[in-house]
There are 2 protein chains.
Amino acid sequence: MSDALDAALRLVRAQAALVRRFDARLGGLHGVSLADFTLLLRLGQAPGNRMRRVDLAEALGLTASGVTRALAPLERIGLVTREPDARDARVAYASLTGTGRARLKEMRATAEETAGDLFAAPAWGEEEVPLLAALLTRVGGTGPRA
Amino acid sequence: MSDALDAALRLVRAQAALVRRFDARLGGLHGVSLADFTLLLRLGQAPGNRMRRVDLAEALGLTASGVTRALAPLERIGLVTREPDARDARVAYASLTGTGRARLKEMRATAEETAGDLFAAPAWGEEEVPLLAALLTRVGGTGPRA
DNA sequence: GACATTTCCTTGAGTGCTCAAGTTTATGGC
DNA sequence: GCCATAAACTTGAGCACTCAAGGAAATGTC
């Protein structure tokens, strides 16, 4: 097998393992999945803590349909609210609530801790983690810092 | 955000983009998903081109349930057959058929090509692809060459 | 100012996975 | 030999995503 195919298949496996770890920690402590956390994190980074659903889809690499379905339970538990746009009646913003911001802060601590464990020394050198991130950015998608 | 969390989130995004590309190519040319191809590839690597379902699950990072469901359509289209074990009536091997081996060979060419495009020069240096693979191996799961 | 087109979003149907529970067969202790 | 336990597998229910279709509102054209 070529190095390229090997790397591609390893990427798939590594992601599955990583998602399982994050889901277990975030789910156990806060009742959310990694996908939920990622969505909330993006909202938290946006100006005014709110985004159009279509932009959220783009940022997360989902379809608009996926965003609609992902937001539903987050709205139900009060972390996100739906806000209409005064100028354009087609758009509905997704906006973090006060509760959402507070809960996100806690989730973020858990996520940082989980990521820290995953990439802990001595297995991982100081410079290797940003190196991995840089290589992954070239593979595709938009990074969380973009 | 820490480097570690950034890398973790980028990994998720990169995988989604990669899977989409492989699914499009493999689906278009051979009617299978990347998950299907990975399963067939593992079978093709196994001695006698066959494996117990439980070992297949372990190798793929799926549950036994997931393997049952993944094999069903592959059996239906004749790429894989079910073989009982003479010694232990509980186990059912999944075995590549002759057609399966032939089709796998074609799929593999497509997959190699897709991976080659994805990690093509000049964006990717000669040594960077194995480096990425090595870093990913440390993240988790079992690699395709393990 | 009516009409086609585009944009934003939702919904129905389908897919591919999970977990929990159940069936069947093998194994070990006595 | 019997029974409890364990192992291999399947099945039902549920979840998270996709695509395709459709509704409603904005935009461009004439």
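Chain letters run A, B, ... following the sequence lines, proteins first and then strands; every chain starts at 1. Computation of the quantities below employed the complete heavy-atom set of this structure, encompassing side-chain atoms and omitting hydrogens, waters and symmetry-equivalent molecules.
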Nearest whole Å is fine: how far is [N] [atom2] from [X] [atom1]?
X       : N      : atom1 : atom2 : value
A:Asp85 : C:dC8  : CG    : P     : 11 Å
B:Leu71 : C:dC17 : CG    : C1'   : 14 Å
B:Leu34 : C:dT15 : CG    : C1'   : 15 Å
B:Arg52 : C:dT25 : CZ    : C1'   : 13 Å

Please compare A:Arg69 and B:Asp88 by the position of their nearest nucleotide in DNA chain D and report the one closer to 5'.
B:Asp88
Mapping B:Arg20 and B:Arg82 onto DNA chain D by nearest heavy atom, which one lands closer to the 5' end?
B:Arg82
Select base, sugar-phosphate, or nothing to describe what B:Ala64 touches, counting heavy atoms under 4.0 Å on all strands.
base
Do the charged groups of [X] and [Y] touch, with an N to O distance under 4.0 Å?
X       : Y       : result
B:Arg20 : B:Asp23 : no
A:Asp85 : A:Arg90 : no
A:Arg53 : A:Glu75 : yes

Quick one: pull up CE in A:Met51 and CG in A:Leu60 and give me the separation to the nearest 0.5 Å.
7.0 Å
Mind checking which nucleotides bracket the chain A contacts on DNA chain D, 5' to 3', with an atom under 4.0 Å from a heavy atom?
D:dC17 to D:dA26
If you check every side-chain atom of A:Arg90, which of C:dT11, C:dC9, C:dT7 has the closest atom?
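Closest nucleotide to the A:Arg90 side chain: C:dT7.
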